[in-house]
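Below is one structure, written out as structure tokens; the observations come after it.
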Amino acid sequence: MEFSAKQIAAFIQGEIVGDENATVHTFAKIEEGMPGAISFLSNPKYTPYIYDTQSSIVLVNKDFVPEQEIKTTLIKVDNAYESLAKLLNLYEMSKPKKQGIDSLAFIAPSAKIGENVYIGAFAYIGENTIIGDNTQIYPHTFIGDGVKIGNSCLLYSNVNVYHDCRIGNECIVHSGAVIGADGFGFAPTSNGYDKIPQIGIVILEDKVDIGANTCIDRATMGATVIHSGAKIDNLVQIAHNDEIGSHTVMAAQVGIAGSTKIGEWCMFGGQVGIAGHIKVGDRVNLGAQSGVPSSIKPDSVLIGTPPMEPKPYFKAAVMAKKLPDMYTELNNLRKELKELKQQLNK
């Protein structure tokens, strides 16, 4: 499909600078632009590319002022990145969706399947499971007994949803994710460790995204809950009885120990580790590789292990680089002081 700058500007409420009849049919990064593509500029680091890009249209923020001539057509918007997201969503929705149940899929007789559902080859749908309208389940995905999945969900290949778990509406679960495996519960005995049965479930509320190979453990009792709008990246571990607040986002390799409560609108960088049985308040931002041993107040911006405010953390990081030289200098000063004392004693 092809769209003109005039049509795009009307959709995202932008202002055209250049040819309103310029047309595009694909997307491209600004540094890899090509004729017929639309790109965007929101990070000032990429500004030099706008003067040479071959893209037919570029989205820019309204405050962008070019320093030299620009050949491409610009569309000025309040937020170029958000506008790009809207266009990508429109592009994605325009793609034809898979429908129908493959003859090689297994669906238990007691399962209830909604309308306009797609179930791919070798998918397994267990007893008493409910699949909502317009949901897509790709090949080789396992949906256990008693699972409830809402409307307009998308489960990619090789997803595993264990028995009795709940998935809301408009959720996306990527390949290899495991929803509802046993929590890591063992009782130490003189002979080793006795397994503690994990009889709870996992609940994903509406519009939750789960990345590839992420694991969300079922609760020992009750539920592990991911609240609406949360976005979880690849290779994240969320342990039993955790609660993740609405619209919280986590980058890859975050690990959260059991029975921890994470607030709303939090942002965690990659490889953040959080101890169990603590509470992280709303709107907490944690830099990559932070280690959190205790509870954190709302509206905190922290980094490091244990976490501290960014300014002293980076000051300490700079000082750490100087420690070898400082150690050498200290030893030299000790040596000089010793020699001075010896001279005074003489």
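Starting from 1, each residue takes its place in the sequence as its number. What you see below is based on every heavy atom in this structure, not just the backbone, and it leaves out hydrogens, waters and symmetry mates.
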Nearest-0.5 Å distance that lies between atom CD in Gln99 and atom CD in Glu115: 10.5 Å
Reference residue Thr135; test side chain to side chain contact (heavy atoms under 4.5 Å, CB included); the match among Cys153, Cys171, Ser152: Cys153
Name of the residue among Ile244, Ile262, Val254 meeting side chain to side chain contact (heavy atoms under 4.5 Å, CB included) with Ile238: Ile244
By side-chain hydrogen bond (donor to acceptor under 3.5 Å, both in side chains) - contacts of Ser259 (at least two apart): none
With sequence neighbours excluded, residues passing side-chain hydrogen bond (donor to acceptor under 3.5 Å, both in side chains) with His227: Glu205, Glu243
Using modelled atom types only, decide if a donor and an acceptor are shared between the side chain of [X] and the backbone of [Y] within a distance under 3.5 Å.
X	Y	result
Lys71	Ile50	no
Arg218	Gly180	yes
Thr72	Ser56	yes
Asn61	Asp63	no
Ser83	Ile12	no

Those residues that, when tested against Phe186, pass ring pair (Phe, Tyr, Trp, His ring centres under 6.0 Å) (two or more places apart): Phe184
Phe11/Phe3 aromatic ring centres below 6.0 Å: no
ILVMFWY cluster, [X] and [Y] together (side-chain gap under 4.5 Å):
X	Y	value
Leu154	Ile125	no
Ile232	Leu286	yes
Val208	Ile179	yes
Ile75	Phe27	yes
Ile38	Leu88	yes

Note: Lys62-Asp78 ion pair, threshold 4.0 Å (strictly below): yes
Electrostatic pair Lys195:Asp182 at N-O distance under 4.0 angstrom: yes
Phe142 and Tyr162 aromatic ring geometry - parallel, tilted or perpendicular at 30°/60° bounds: perpendicular
Salt bridge (Lys or Arg N to Asp or Glu O under 4.0 Å) assessment of Asp164 paired with Lys148: CA-CA 7 Å; Asp164 299 318; Lys148 292 183 180 178; over 6 Å; no
Step-by-step side chain to side chain contact (heavy atoms under 4.5 Å, CB included) determination, Glu264 to Arg283: CA-CA 6 Å; Glu264 300 179 350; Arg283 299 172 299 280; 5.9 Å; no
Residue Tyr49 excluded, over 12 heavy atoms near OH under 6.0 Å: no
Residue pair Ile216, Val178: steps toward the side chain to side chain contact (heavy atoms under 4.5 Å, CB included) verdict: CA-CA 6 Å; Ile216 303 175; Val178 179; over 6 Å; no
